[in-house]
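Here is the structure we will look at.
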Amino acid sequence: MSPAPPEPFYICGPTASGKSALALAYARKLDGEIINADAFQLYRGIETLSAAPSLTEIAQSPHHLYGVLAPSTPNDAGSYRSLALPIIQRIQARGKTPIITGGSGLYLKFLTHGPAPLPRADASLRVELDGLPLGELVARLTELDPLEASRTALENRRFVSRALEICLLSGRKASALRDGWEAQTARISGKLRGIVIQRPREILHQRIARRTRIMLESGAIQEVAALADVSSHCEKAIGFREIRCLLRGEIDLSTCGELINAATRQYAKRQETWFRREQWLSPEKI
RNA sequence: GGCCCGAUAGCUCAGUCGGUAGAGCAGUGGAUUGAAAAUUCACGUGUCGGCGGUUCAAAUCCGUCUCGGGCCA
């Protein structure tokens, strides 16, 4: 009888909190291999902009799922799960510990809790729904699935659109499809091992400012310039828009840095809100 | 030295005929299972530059001082 495969170890927390460095430490400690759980470090061509691990870091331990997608490739949490699961299994089969590292809360939760039994996104339907006024989306959702409408933040176009999309694609009520899934996943609570990095807000802001400065000095501008003609999925990365403004001469370098700083701070706050609520790991102060 | 303009939230500014003030940004908290570095919701007491005066009542009118900026010497 073969021994049980090593359980994955999760390292998460807000941006610029030091996840990559901690992952390396744990890779040594647990004889592990690192797997990315960051939505934008998946992409090639924005390694600096997305603060992906450096070549020096990557050389120290096997790293997986960094720079594996072309900039124009769309992605979502479900696709990420499909990419990550086989890699986790292969690492475990070698007797190594998967060290899953990243700050994309939704991606992590898809990995740990699995997808709800819902139809996946449909690009052409989204184009169609995007053309309708929010009021109409709300009206259609309310008609098809009043229960789901009552549970949805109706001011949030994305959420309304997604709920309606589920109803239209499945021909069933989104509320019915979602039911049961949450209860099923509740058992995972507190069972997984890992760390949520927490730092005082002030310290985190200092780290963000430092990282933004280094990023702008060490190639992020060139990365965005190189993608100038590409209509890419990764345009949503923080810093992309700001650097494009810089390249067009609309703002100066210091303004660009300030805008990126502010956007990164806001992102870090959203991540903290997410991880504060997620109780499947026990938070550990660093 | 003289004249003019400005000083209001952390920042940029609005504030009508005098009735003790509100936007954007920043910040904080929340939502968030298939776009998530996305999307979205909520939260505004501050010596209205200081001191005096007029007035029932002053961010608002008057005087004066301080600090910016400008013009003329």
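Since this is a predicted model, take the numbers as computed values, not measurements. First the proteins, then the strands, lettered A, B, ... as listed; each starts at 1.
- Spacing of C1' atoms, B:C56 relative to B:U20, comes out at 14 Å, to the nearest Å.
- Listed by chain and number, the residues in a side-chain contact (heavy atoms from CB on, under 4.5 Å) with A:Arg241 amount to none (sequence neighbours excluded).
- Less than 4.0 Å separates RNA chain B from at least one heavy atom of each of the following residues of residues 115-124 of chain A: A:Pro115, A:Ala116, A:Leu118, A:Arg120, A:Ala121.
- Within the structure, every pair that satisfies the ring-ring contact (aromatic ring centres under 6.0 Å, His included) test and touches residues 82-111 of chain A, not counting sequence neighbours, is listed here: A:Tyr80-A:Tyr107.
- B:A21 and B:U47 have their C1' atoms separated by 15 Å, with the value rounded to a whole Å.
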Inset, instruction - Quick one: do A:Ile243 and A:Glu223 satisfy side chain to side chain contact (heavy atoms under 4.5 Å, CB included)? Show the steps, please. - result: CA-CA 10 Å; A:Ile243 291 176; A:Glu223 287 176 354; over 6 Å; no
Provide a list of protein-nucleic acid N or O atom pairs under 3.5 angstrom, restricted to nucleotides 39-42 of chain B.
from: B:U39; atom 1: O4'; to: A:Arg158; atom 2: NH1; distance (Å): 3.3
from: B:U39; atom 1: O2'; to: A:Asn156; atom 2: OD1; distance (Å): 2.5
from: B:U39; atom 1: O2; to: A:Asn156; atom 2: ND2; distance (Å): 2.9
from: B:U40; atom 1: O4'; to: A:Asn156; atom 2: ND2; distance (Å): 3.0

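- Taking atom CD on A:Glu235 and atom P on B:A38, their separation rounds to 13 Å, with Å as the unit.
- For A:Asp179, the side-chain contact (heavy atoms from CB on, under 4.5 Å) test picks out A:Arg151, with sequence neighbours left out.
- In this structure, the nucleotide among B:A37, B:A35, B:G30 sitting nearest to the side chain of A:Thr273 is B:G30.
- Phosphate contact (OP1/OP2 of B:G27, side-chain N/O of A:Arg265, threshold under 4.0 Å): present.
- Residues passing the salt bridge (charged side-chain N to carboxylate O under 4.0 Å, His left out) test with A:Arg162 are A:Glu165, sequence neighbours excluded.
- For B:A37, neither phosphate oxygen OP1 nor OP2 lies less than 4.0 angstrom from any side-chain nitrogen or oxygen of A:Thr264.
- Listed by first then second residue, pairs satisfying ring-ring contact (aromatic ring centres under 6.0 Å, His included) with a partner in residues 191-211 of chain A number zero, not counting sequence neighbours.
- A salt bridge links A:Glu33 and A:Arg94; the closest N-O separation between the charged side-chain nitrogens and carboxylate oxygens is under 4.0 Å.
- Both A:Trp274 and A:Tyr107 lie close to RNA chain B; mapped to their nearest nucleotides by heavy-atom distance, the more 5′-ward contact belongs to A:Trp274.
- Rounded to whole Å, atom C1' of B:C11 lies 15 Å from atom CG of A:Asn261.
- Contact between the side-chain N/O atoms of A:Arg276 and the OP1/OP2 oxygens of B:A31 is not found at any separation under 4.0 Å.
- Pairing each heavy atom of A:Pro14 with each of A:Leu204, the nearest pair is CG-CD2, 3.8 Å.
- Between A:His233 and B:A36 there is a side-chain N or O to OP1 or OP2 distance below 4.0 Å.
- Applying the salt bridge (charged side-chain N to carboxylate O under 4.0 Å, His left out) criterion to A:Asp122, with sequence neighbours excluded, gives no partner residue.
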Legend entry - Pairing pattern in dot-bracket form [Watson-Crick, G-U; both distances under 3.5 Å; | = partner strand] for RNA chain B: (((((((..((((.....[..)))).(((((.......))))).....(((((..]....)))))))))))).
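- Note on residues 117-159 of chain A: no pairs pass ring-ring contact (aromatic ring centres under 6.0 Å, His included), not counting sequence neighbours.
- With no hydrogens or angles considered, no side-chain donor-acceptor pair links A:Thr264 and A:Asn261 at under 3.5 Å.
- Nucleotides B:G44 and B:A7 place their P atoms 25 Å apart, quoted to the nearest Å.
- Taking side-chain N and O atoms only, A:Arg126 has no distance below 4.0 Å to OP1 or OP2 of B:A38.
- Less than 4.0 Å separates RNA chain B from at least one heavy atom of each of the following residues of residues 47-57 of chain A: A:Leu49, A:Ser50.
- Ring orientation note: the planes of A:His233 and A:Phe40 are close to parallel, at an angle under 30° on the 30°/60° scale.
- Nucleotides B:G27 and B:C3 are separated by 42 Å at their C1' atoms, to the nearest Å.
- Judged as a salt bridge (charged side-chain N to carboxylate O under 4.0 Å, His left out), and not counting sequence neighbours, A:Asp145 has no contacts.
- For the pair A:Glu202 CD and B:G10 P, the computed distance is 18 Å after rounding to whole Å.
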